[in-house]
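This report concerns only the one structure given below.
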Amino acid sequence: MTIDSDIMFETFLRMRAETVETRLRQLLGESPLSGEIARPEHLMAAMRHGVLNGGKRLRPFLVLESAALFDADGEAALRVATALECVHCYSLIHDDLPAMDDDDLRRGQPTVHKAFDEATAILAGDGLLTFAFDIIAEEATPLPADRRAALVLALARAAGPGGMVGGQALDLDAEHNKPDETGIIKLQAMKTGALIRFACEAGAIVGGASADERERLAEFGSAIGLAFQLADDLLDLTADAETMGKATGKDAAAGKATLVSLHGPNWARSQLVGLVNQAHDLLEPFGERALMLKAAASFVAERNS
């Protein structure tokens with residue numbers, strides 16, 4: 001991207017993030033919803049700590065921009081975007097636990113189990129995961145029931161044992177049984193890529209896109225999901241904790257195999273160029289409407305934090 005397009009994209013990304021954060025703050029308020037008995041103050045505070053702590057909100061951005069390709073209902077897209085962010089943040093809260101990655105910092109702030117305690121962090125993650133499906137399924141999400149059901153199913157598949165959670169399990173196993181290149185690609189497609197793929201496909205579902213258009217957006221999501229992980233592995237080697245807002249160098253210290261450790265940084269940078277080109281090609285049928293999604297693909301590959 002050029003300097004001007006960089007500035008335009010980052011401004012737009014920040015604006016979308018502020019919109020998503022405002023809605024998350026509303027959804028995670030103190031007052032119970034219809035059918036809820038009460039919202040314990042301590043639990044809600046921990047959930048908000050794990051969600052309302054900044055971040056680029058890339059996954060919600062992808063939902064909103066993918067939906068915009070099909071002139072989708074903006075309120076529906078926003079609610080799906082916030083639901084996805086709840087799932088993503090739940091995964092980060094649980095990832096940071098001592099039994100998992102054992103991290104003290106997330107986005108430059110104490111992780112939830114450090115700011116509160118381990119039991120509360122587990123429950124905060126559980127609450128966010130469950131609430132995500134509430135947000136989509138509720139009639140306040142202005143979509144036909146069949147689309148809401150399709151979104152619930154797609155998110156469950158992306159987040160569950162055949163997606164993100166399964167990838168996390170493979171990642172833990174990789175500390176003891178190093179996977180080969182095929183295994184690493186599968187692990188990363190599940191742990192990181194599945195939610196990013198869903199983010200792009202979800203916009204197509206919200207917008208009532210055709211099956212072919214839905215698959216094109218899902219493939220776009222797969223390409224930038226792999227690019228995101230490659231860039232993340234590069235940053236783990238080259239960036240410092242202050243820049244990243246979390247510990248770095250942990251994969252190398254743990255002896256984890258990554259595509260970067262297998263092939264080296266120069267190979268990874270070359271692959272990132274190819275993935276960005278692939279992602280851009282997939283968006284060609286959408287013309288100028290896909291400008292921000294193309295910029296997102298470049299941003300994912302070139303990010304420095």
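Remember, it's a predicted structure, so these values are computed and weren't measured experimentally.
The shortest distance between side-chain heavy atoms of Ile196 and Val300 does not fall below 4.5 Å. Under the 4.5 Å side-chain criterion, counting only non-hydrogen atoms from C-beta, Val87 is not in contact with Phe198. Counting heavy atoms from C-beta outward, Leu62 and Leu84 have side chains that stay 4.5 Å or more apart. Residues Glu85 and Arg57 have side chains in contact (heavy-atom distance under 4.5 Å, counting atoms from C-beta outward). Contact check for Ser66 versus Leu293: side-chain heavy atoms found under the 4.5 Å cut-off. Side-chain atoms of His263 and Glu181, non-hydrogen and from C-beta on, do get closer than 4.5 Å to each other. Looking only at side-chain heavy atoms (C-beta outward), Met292 and Phe61 come within less than 4.5 Å of each other. Two residues are said to be in side-chain contact when any heavy atoms from C-beta on lie closer than 4.5 Å; Pro60 and His88 fail this criterion.
Contact detail for Gly127 and Met47: the closest heavy-atom pair is C-CE, 3.8 Å. Minimum heavy-atom separation, His94 to Ile122: NE2-O, 3.0 Å. The minimum heavy-atom distance between Leu105 and Pro110, with the atom names listed, is CD2-N, 4.2 Å. When all heavy atoms are compared, the tightest approach of Arg214 to Ala154 is NH2-CB, 4.4 Å.
One finds no salt bridge joining Arg14 and Glu10 here, because no Lys/Arg side-chain nitrogen approaches an Asp/Glu carboxylate oxygen to under 4.0 Å. Comment: Asp103 does not engage Lys114 in a salt bridge, judged by the lack of any side-chain N to carboxylate O separation of less than 4.0 angstrom.
Within a 6.0 Å radius of CZ in Arg157, other residues, nucleotides and ligands contribute 12 heavy atoms or fewer. For Glu41, the CD atom counts as loosely surrounded, since its 6.0 Å shell holds 12 or fewer non-hydrogen atoms of other residues, nucleotides or ligands.
Under the 4.5 Å side-chain heavy-atom criterion for Ile, Leu, Val, Met, Phe, Trp and Tyr, Ile224 and Met164 are members of distinct hydrophobic clusters. Using a 4.5 Å cut-off between side-chain heavy atoms of Ile, Leu, Val, Met, Phe, Trp and Tyr, with links allowed through other members, Leu128 and Val152 fall into the same hydrophobic cluster.
His49 meets the ring-ring contact (aromatic ring centres under 6.0 Å, His included) test with Phe116; sequence neighbours excluded. Applying the salt bridge (charged side-chain N to carboxylate O under 4.0 Å, His left out) test to Asp95 and every residue at least two apart in sequence or in another chain returns nothing. Pro161 pairs by the side-chain contact (heavy atoms from CB on, under 4.5 Å) definition with nothing, not counting sequence neighbours. Considering only residues two or more places apart in sequence or on other chains, Arg48 meets the side-chain hydrogen bond (donor to acceptor under 3.5 Å, both in side chains) condition with Glu30. Partners of Arg39 by salt bridge (charged side-chain N to carboxylate O under 4.0 Å, His left out), not counting sequence neighbours, listed by chain and number: Glu36. For Phe286, the ring-ring contact (aromatic ring centres under 6.0 Å, His included) test picks out Phe70, with sequence neighbours left out. Remark: Arg23 engages Glu75 in a salt bridge (charged side-chain N to carboxylate O under 4.0 Å, His left out) (not counting sequence neighbours). Not counting sequence neighbours, Glu215 has no partner by the side-chain hydrogen bond (donor to acceptor under 3.5 Å, both in side chains) test. Legend: residues meeting salt bridge (charged side-chain N to carboxylate O under 4.0 Å, His left out) with Arg216, ordered by chain and number and at least two apart, are absent.
Apart from Met15 itself, the hydrophobic cluster it occupies contains nothing, where clustering links Ile, Leu, Val, Met, Phe, Trp and Tyr at side-chain heavy-atom distances under 4.5 Å.
Under the 3.5 Å distance criterion, the side-chain polar atoms of Thr120 are left unmatched by any main-chain donor or acceptor of Asp117. The closest donor-acceptor contact from the side chain of Thr130 to the backbone of Asp126 lies under 3.5 Å.
How far CG of Leu170 is from CD1 of Ile184: 11.5 Å, rounded to the nearest 0.5 Å. Between atom CG of residue Leu153 and atom CZ of residue Arg148 there is a gap of 15.0 Å, rounded to the nearest 0.5 Å. The structure places SG of Cys200 at 11.5 Å from CD1 of Ile205, a figure rounded to the nearest 0.5 Å. The CD atom of Gln168 lies 6.0 Å from the NZ atom of Lys191; values are rounded to the nearest 0.5 Å. Interatomic distance, CG of Asp73 versus CG of Asp71, reported as 11.0 Å (0.5 Å rounding). How far CG of Leu226 is from CG of Leu259: 7.0 Å, rounded to the nearest 0.5 Å.
In this structure, a donor-acceptor pair under 3.5 Å is absent between the side chains of Arg106 and Thr111.
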| message | side chain to side chain contact (heavy atoms under 4.5 Å, CB included), that's the test. Do Leu155 and Leu195 meet it? Break it down for me. | response | CA-CA 8 Å; Leu155 181 54; Leu195 285 192; 4.2 Å; yes

| request: Test Gln188 against Asp233 for side chain to side chain contact (heavy atoms under 4.5 Å, CB included), laying out the working first. | output: CA-CA 11 Å; Gln188 294 182 344; Asp233 290 341; 3.1 Å; yes

| query | When you look at Glu302 and Leu272, which way does the side chain to side chain contact (heavy atoms under 4.5 Å, CB included) test go after all the steps? | reply | CA-CA 8 Å; Glu302 297 165 7; Leu272 284 169; over 6 Å; no

| query | Going through the distances and angles, do Met8 and Leu291 end up as a side chain to side chain contact (heavy atoms under 4.5 Å, CB included)? | reply | CA-CA 11 Å; Met8 181 175 69; Leu291 180 64; 4.0 Å; yes

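The side chain to side chain contact (heavy atoms under 4.5 Å, CB included) test with Val112 is passed by exactly one of Ile93, Val51, Asn53: Ile93.
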Scan the side chains in residues 133-143 for donor-acceptor partners under 3.5 Å anywhere in the protein, sequence neighbours excluded, and list what turns up.
unit_1	atom_1	unit_2	atom_2	d
Glu138	OE1	Arg79	NH2	2.9
Thr141	OG1	Arg79	NE	2.7
Thr141	OG1	Ile135	O	2.7

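Sorted by first and then second residue, the salt bridge (charged side-chain N to carboxylate O under 4.0 Å, His left out) pairs with a member in residues 275-287 read Glu284-Lys294; sequence neighbours excluded.
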